[in-house]
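All values below come from the heavy atoms of this structure, side chains included, with hydrogens, waters and symmetry mates left out. Each ligand, and each atom within it, is numbered from 1 in the order the structure gives. Start at 1 with the first residue, then count along the sequence.
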Amino acid sequence: MAIKVLDARVVAQIAAGEVVERPSSVVKELLENSIDAGSSQISIEIKGGGINLIRVTDNGIGIPDSEAEIAFARHATGKIKNLKDLENITSLGFRGEALPSIAAVAQVQMVTSSRGESSGTYLALEDGKVVHHEAQARAPGTTLTVQNLFRKVPARLKFLKSEAAEVGRIGDVVEHYALAYPEVRFSLTVEGKTSFRTSGGGKLSDAVLAVYGVETAQNMIEVNDFEEKSNASGLHIKVTGLIGSPKISRYNRNYISFFVNRRWVTNRMLGIAIEEAYHGLLMQGKHPVAVINLEIPPTQIDVNVHPAKTEIKFQDERAVFGVVQKAMRQTLVQSTPVPQVEEVRSLFKVPTAPYSKSVPSQVLNAPMSVPSDKTATPVTPLISLPVLRVLGQLARKYIVAEGQDGLYLIDQHAAHERIQFERIKRQRDSKQVEVQGLLEPVTFEVQPRQMSVLGDHIKEMGSFGFDIEPFGDRTYLVRAVPALLGEKDWSDTLKESLDTLSSNWDEGLTISMACHSAVRAGKILSDVEMRELLHQLEQTDLPNSCPHGRPTMIQLTMQQLEREFGRIQ
Ligand code: ADP
Ligand code: MG
């Protein structure tokens with residue numbers, strides 16, 4: 001075929017393909033425009049899964065009549081002017097592509113009125129061309145109506161899922177913007193019925209309630225306002241949001257939402273940061289609920305990496321990773337454990353003072369530590385693990401034990417993690433790592449990303465007991481592994497630590513190894529095993545918390561028992 005420049009209509013449709021992939025992408029672009037226009041109320045109406053109709057109505061600044069047609073020209077935007085602005089984007093839109101792209105693949109009508117103008121504007125477009133332009137009254141704001149989407153692009157239509165699936169995607173988009181903009185009142189109407197609405201009252205917790213329901217909303221923890229500043233790099237990150245307590249975990253990652261400068265983004269690294277923060281708190285295969293807002297100077301990010309602007313690049317990805325993870329971890333550690341029943345909360349206490357073998361015994365007479373919870377009784381700082389007599393196992397998860405001062409419940413997995421964590425550190429410090437040779441060398445295949453991590457750390461891996469060497473294309477040969485992981489657990493541990501590259505790689509691998517080698521919740525333990533576990537826990541430096549910061553045990557004192565049973569006042 002001879003080479004020819006494509007005609008304008010084909011060019012427009014190809015370009016539209018990048019921005020307008022499906023009905024939900026139209027909704028996303030229109031919502032972004034309404035938000036950029038400063039609207040406090042946005043309603044979305046859809047019919048036929050968004051194919052027949054999408055209508056977005058807002059009360060924003062509107063478009064002056066003289067600019068209405070220009071808004072539909074390619075690369076026409078009121079949001080940036082020059083290259084410098086491109087590095088400092090504060091609006092959601094900036095590419096000037098959405099309206100012309102939508103008009104290229106659907107029939108579009110717009111009614112808009114800008115404050116201060118005597119009359120509004122009605123505009124109709126077919127095949128991207130304006131076919132009507134007249135005056136029409138309207139309160140300030142804009143209504144965009146998109147009909148018969150993709151009717152002239154049958155190939156696109158074919159790729160759409162069922163109507164219900166498209167409605168689901170649209171709902172997802174609206175819900176995410178509702179989470180990002182709690183001060184905007186959103187409503188979504190599907191086939192004439194209101195399916196979702198928010199109050200617009202400005203509180204994130206209300207938006208979470210609207211999106212996820214009461215049970216989830218009640219179990220969200222506020223991220224302590226977390227800020228990190230570095231004058232040297234100009235980095236200044238603020239993390240806010242709500243994250244789910246570990247007891248409301250989900251089976252997939254769809255409940256993790258990130259907003260960077262209030263833009264909904266997907267970013268693998270951010271996802272890993274949060275999952276890592278929950279590591280050890282959730283069962284395997286479970287994922288947290290989280291709504292995280294990052295504020296970061298626009299010069300530190302690049303949002304112009306994807307036509308639909310859903311991806312984002314950070315100038316200093318590692319620093320962002322570190323801050324997010326720290327903020328999450330701190331919030332979680334401060335708020336766990338979360339006892340299930342109110343009454344139990346007042347009964348059981350987490351021993352608060354860190355155990356320490358070296359503290360002299362007069363500490364016993366030191367002032368009692370005062371827990372922040374006013375109703376709780378203070379707990380005597382413990383100087384070492386008391387002698388515990390195993391009474392039995394509860395729910396295949398907890399060891400029930402009697403101590404000099406009451407009842408102890410010990411989380412078998414967390415306790416063993418602590419033991420293993422310190423054992424690994426000790427062995428590495430003294431260069432006496434127990435290594436287990438594999439009967440035959442095993443090939444270990446890695447992803448390109450994992451490859452660079454492994455390449456960078458292959459020497460350190462040796463100090464943990466891994467004997468690994470490169471073996472051709474993306475493959476490594478493993479000859480020996482840390483003895484405490486054994487044949488069964490080493491490869492999962494290795495994969496996990498290669499995927500969850502954190503700023504503190506050593507510590508990350510140590511935690512991962514401790515977790516994988518520790519006895520699981522759900523395992524029945526014999527009396528002997530339980531006694532041995534407690535004995536080993538006694539030998540550790542910090543027996544009362546696992547390496548993730550979770551408590552290994554909670555205690556019900558004799559005094560509390562007596563009080564609860566009315567023996568003393
Ligand atoms: P972009 O959002 O990238 O600037 P669009 O094609 O989405 O490009 O929109 C083009 C321009 O039309 C915007 O820059 C804005 O000035 C105007 N516009 C679009 N939608 C609205 C709206 N709902 N309210 C006010 N102005 C709007
Ligand atoms: Mg836009």
Side-chain angles (χ1 to χ4, degrees), residues 12-13 15-21 24-45 54-83 85-106 108-117 120-125 128-130 133 136 138-146 149 173-174 176-177 180-181 184-187 261-265 298 302-310 312:
Q13 286 211 357
E18 291 187 344
V19 182
V20 188
E21 195 191 343
S24 59
S25 11
V26 174
V27 172
K28 172 180 180 292
E29 294 295 337
L30 297 184
L31 278 187
E32 290 191 350
N33 282 347
S34 294
I35 291 166
D36 281 345
S39 312
S40 61
Q41 267 185 47
I42 304 176
S43 53
I44 303 103
E45 198 188 325
I54 295 172
R55 179 177 288 136
V56 174
T57 305
D58 70 43
N59 64 350
I61 57 172
I63 305 177
D65 184 69
S66 59
E67 293 171 18
E69 289 195 26
I70 306 172
F72 285 89
R74 193 151 293 282
H75 306 305
T77 176
K79 298 170 193 175
I80 58 168
K81 286 203 193 75
N82 49 38
L83 267 181
D85 293 344
L86 193 56
E87 285 166 16
N88 213 347
I89 288 164
T90 52
S91 55
L92 295 171
F94 57 87
R95 297 169 65 106
E97 283 185 329
L99 292 187
S101 296
I102 295 166
V105 290
V108 174
Q109 295 167 48
M110 177 170 83
V111 183
T112 183
S113 169
S114 128
R115 224 160 272 145
E117 282 202 315
T121 303
Y122 167 83
L123 208 64
L125 295 98
K129 299 244 159 53
V130 177
H133 183 164
Q136 184 172 319
R138 193 204 185 282
T142 304
T143 302
L144 241 302
T145 307
V146 178
L149 183 65
V173 168
V174 177
H176 276 90
Y177 281 92
Y181 291 85
V184 176
R185 183 167 358 154
F186 289 90
S187 77
N261 296 344
R262 309 191 86 189
R263 179 190 303 282
W264 177 29
V265 298
D302 186 356
V303 289
N304 195 19
V305 287
H306 189 270
K309 301 161 295 183
T310 51
I312 189 165

Nearest heavy-atom pair of [X] and [Y]: which atoms, and what distance?
X    : Y    : result
L125 : A103 : CD2-CB, 4.3 Å
T112 : I63  : OG1-N, 2.9 Å
S114 : G62  : CB-C, 3.9 Å
A180 : R262 : O-NH2, 3.0 Å
S34  : V56  : OG-CG1, 3.6 Å

Part of [X] with heavy atoms under 4.0 Å of ligand 1, whether side chain, backbone, both or neither:
X   : result
F94 : backbone
L99 : both
E97 : backbone
V56 : neither

Tell me whether [X] contacts the main-chain N or O of [Y] through its side chain, where contact means a donor paired with an acceptor under 3.5 Å.
X    : Y    : value
N59  : Q41  : yes
D65  : T121 : no
R263 : S91  : yes
D58  : S39  : no

>> Please confirm whether G60 approaches ligand 1 to less than 4.0 Å, judged on its heavy atoms.
In response: no

>> For P100, state whether at least one heavy atom is located under 4.0 Å from any atom of ligand 1.
In response: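 In this structure, P100 qualifies as a contact of ligand 1 - some heavy atom is under 4.0 Å.
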
>> Parallel, tilted or perpendicular: which one describes the rings of Y177 and W264, with boundaries at 30° and 60°?
In response: perpendicular

Note the single closest protein heavy atom to [atom], along with its residue, its atom name and the distance in Å.
atom                    : result
atom 3 (O) of ligand 1  : G96 N, 2.7 Å
atom 18 (N) of ligand 1 : I63 CD1, 3.5 Å
atom 4 (O) of ligand 1  : T77 OG1, 2.6 Å
atom 19 (C) of ligand 1 : N33 ND2, 3.5 Å
atom 22 (C) of ligand 1 : T142 OG1, 3.8 Å
atom 13 (C) of ligand 1 : K79 CE, 3.8 Å
atom 14 (O) of ligand 1 : G78 N, 2.8 Å
atom 10 (C) of ligand 1 : A76 O, 3.5 Å

Per-atom contacts, ligand 1 versus [X] - under 4.0 Å to a heavy atom:
X   : value
A71 : 10 (C), 12 (O)
A37 : 24 (N), 25 (C)
G93 : 2 (O), 3 (O)

Measuring only between side-chain heavy atoms, which start at C-beta, is [X] closer than 4.5 Å to [Y]?
X   : Y    : answer
L30 : V146 : yes
I61 : T142 : no
S43 : R185 : no
N33 : L144 : no

> Can you find an N or O of D58 that's nearer than 3.5 Å to an N or O of ligand 1?
Replying inline: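 Among all N and O atoms of D58, at least one is under 3.5 Å from an N or O of ligand 1.
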
>> Closer than 2.8 Å to the Mg ion (ligand 2), what protein N/O/S atoms do you find?
In response: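 Only N33 OD1 fall inside 2.8 Å of the Mg ion (ligand 2).
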
>> Walk me through whether F72 and V130 qualify under side chain to side chain contact (heavy atoms under 4.5 Å, CB included).
In response: CA-CA 9 Å; F72 285 89; V130 177; 5.7 Å; no

